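Before any comments, here is the structure.
In this text, all values refer to a predicted model and were calculated from it rather than measured experimentally. FYI, the numbering just counts along the sequence from 1.
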Amino acid sequence: MLVPVEGGDLAVETHDGDTVPVLAIHGVSGSRKLWNRVAAHGFSLITPDLRGRGDSSDVPGATIRQHADDMVRVLDALDLPTATVAGMSMGGYVAVDLAVRHPDRVRALVLVDGGFPMPAHAQMTEEILTAALAPQVAARERTWTVDEYLAVQAMVDPLIDTTDPLVREYYAHDLTADGHLRLSAETLLADTRDVIFGESRWQELTVPTWFVHAEWSVGADSAPAYTAEQAAGFRTALPVLREPVLITEVDHGGTVLTRKGAAVTAEVLAEALK
């Protein structure tokens, strides 16, 4: 379905399952297909392509606040006065902003390796950020077959099984029919800047919140986005936060893209729905 938002129409997919609807928000360079494996656990998911990505790639503009406002429009379009909201990576920051500014629309919150300040961001500069995103920006300048694109993803993160049909569908959704990447460079840069240099309002959360985090960031034995000690610190500082859940032997993307990660994330989501 298409949901009218400021500047265009947002593409939104609904997965029929055995639960009440859950609004699931993808990360900075992802798309709605990110949640395929979680949906396979029987959840009724509402998964938008955020502006600048996938079938919403022509919708301009990008800030965490703008994405959160778009999520209100999605809930309105589906006649949902409230919903449990899950956000992965940047989607976690969008979910936090949504829950802080519209607590009446969020029944509960599930943050997956995002939403809280990442210690690595304190070391980031504009120059480092631009260099880090350069490969993704450059990827827009050529065309890809699905197999070529999957081969690159397998090299970037060998822990993700690109032969998994649901993973293949996720990455294939990034491409147009003629092989161009459906990701706005302007949106990618603006959203990443907002996540890194902006302020997460996590300490203002008032809705029940769950936090799932990965043992690694990208690849085995890499430094995590959040250590167990940092997650425990968030638990101490935020009364509405339940006990954080660590997914071992999984990296950032694997929290939802691998069978093991998606199974743990699904367990936490099921707990939040009770």
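Remark: side-chain polar atoms of Asp9 are not paired, donor with acceptor, to backbone N or O of Leu2 under 3.5 angstrom. With hydrogens and angles ignored, the 3.5 Å screen pairs a side-chain donor or acceptor of Arg105 with a backbone N or O of Leu80. In this structure a side-chain-to-backbone donor-acceptor pair under 3.5 Å is missing from Arg235 to Val240. For Glu204 (side chain) and Val100 (main-chain N/O), no donor-acceptor pair under 3.5 Å exists by modelled atom type. Checking side-chain atoms of Glu141 against main-chain N and O of Ala138 turns up no donor-acceptor pair under 3.5 Å. Remark: side-chain polar atoms of Arg140 are paired, donor with acceptor, to backbone N or O of Leu183 under 3.5 angstrom. Remark: the backbone N or O of Val218 is paired with a side-chain donor or acceptor of Ser222 at under 3.5 angstrom. Side chain of Arg107 to backbone of Leu273: a donor-acceptor contact under 3.5 angstrom is found. Remark: the backbone N or O of Ile64 is paired with a side-chain donor or acceptor of Asp194 at under 3.5 angstrom.
Considering CZ of Phe197 and OG1 of Thr192, their distance stands at 9.5 Å, rounded to 0.5 Å. Rounded to the nearest 0.5 angstrom, Ser200 OG and Asp97 CG are separated by 8.5 Å. The OG1 atom of Thr162 sits 10.5 Å away from atom CE of Met155, with the distance rounded to the nearest 0.5 Å. For the atom pair CG of Leu159 and NE2 of His252, the computed distance is 13.5 Å after rounding to the nearest 0.5 Å. One distance of note links CD of Gln153 with CG of Asp157; it measures 9.0 Å at 0.5 Å rounding. In this structure, the separation between CZ on Arg51 and CG on Leu10 is 7.0 Å, given to the nearest 0.5 Å.
Counting all heavy atoms, side chain and backbone alike, Thr143 lies closest to Glu148 at O-OE1, 4.2 Å. In plain terms, the two heavy atoms of Ala99 and Leu109 that are nearest each other are CB-CD2, 4.1 Å. Between Leu129 and Met124, the shortest heavy-atom distance links the atoms N-SD, 3.6 Å. For the residue pair Gly261 and Thr258, the shortest heavy atom distance occurs at N-OG1, 3.0 Å. Heavy-atom minimum distance, Thr248 versus Lys260: O-NZ, 3.0 Å. A pairwise comparison of heavy atoms in Val59 and Glu6 identifies CG1-O, 4.1 Å as the closest pair.
A salt bridge links Asp147 with Arg168: the closest approach of a Lys/Arg side-chain nitrogen to an acidic carboxylate oxygen falls below 4.0 angstrom.
Side-chain N/O atoms of Arg53 and Ser31 include no donor and acceptor closer than 3.5 Å. With hydrogens and angles left out, the side-chain atoms of His180 and Asp178 include a donor and acceptor closer than 3.5 Å. For the residue pair Asp174/Tyr149, the side-chain donor-acceptor check at 3.5 Å is satisfied. Side-chain polar atoms of Thr265 and Thr255 form no donor-acceptor pair below 3.5 angstrom. Side-chain contact, Asp161 with Thr163: a donor N or O sits under 3.5 Å from an acceptor N or O. With hydrogens and angles left out, the side-chain atoms of Gln66 and Asp70 include a donor and acceptor closer than 3.5 Å. Between the side chains of Gln230 and Thr227, at least one donor-acceptor pair of N or O atoms lies under 3.5 Å.
Of the listed residues (Asp55, Asp49, Thr176), just one forms a side chain to side chain donor-acceptor pair (under 3.5 Å) with Arg182, and that residue is Asp55.
Looking at His121 and Val195, their side chains come closer than 4.5 Å, going by heavy atoms from C-beta outward. Side-chain contact check for Tyr226 versus Pro244: every heavy-atom pair is 4.5 Å or farther apart. The closest side-chain heavy-atom distance from Phe43 to Val38 is below 4.5 Å.
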CA sep, side-chain torsions, deciding dist, call: Lys33, Glu13, salt bridge (charged side-chain N to carboxylate O under 4.0 Å, His left out): CA-CA 9 Å; Lys33 300 293 185 179; Glu13 184 174 0; 3.1 Å; yes
Test Thr82 against Asp104 for side-chain contact (heavy atoms from CB on, under 4.5 Å), laying out the working first. CA-CA 7 Å; Thr82 187; Asp104 57 315; over 6 Å; no
Check against side-chain contact (heavy atoms from CB on, under 4.5 Å), Glu126 and Arg193: CA-CA 8 Å; Glu126 185 69 36; Arg193 287 190 185 103; 2.7 Å; yes
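Put simply, Leu257 and Leu246 are part of two different groups of oily side chains (I, L, V, M, F, W, Y) that touch within less than 4.5 Å, one to the next. Under the 4.5 Å side-chain heavy-atom criterion for grouping Ile, Leu, Val, Met, Phe, Trp and Tyr, Trp210 is connected to Ile247 within one hydrophobic cluster. Taking hydrophobic clusters as Ile, Leu, Val, Met, Phe, Trp and Tyr residues chained together by side-chain heavy-atom distances below 4.5 Å, Val94 shares a cluster with Leu188.
In this structure, His213 has its ring center closer than 6.0 angstrom to the ring center of Phe211. Ring centroid separation for the pair Tyr93 and Phe116 does not come in under the 6.0 Å cut-off.
A cation-pi contact, defined as under 6.0 Å to the ring centre and within 45° of the axis, links Arg142 to Trp144.
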Can you give each donor-acceptor pair under 3.5 Å made by side-chain atoms of residues 15-29, sequence neighbours left out, with the distance rounded to 0.1 Å?
| residue | atom | partner | partner atom | Å |
| --- | --- | --- | --- | --- |
| Thr19 | OG1 | Ser44 | N | 3.0 |
| His26 | NE2 | Leu50 | N | 3.0 |
| Ser29 | OG | Gln136 | NE2 | 3.3 |

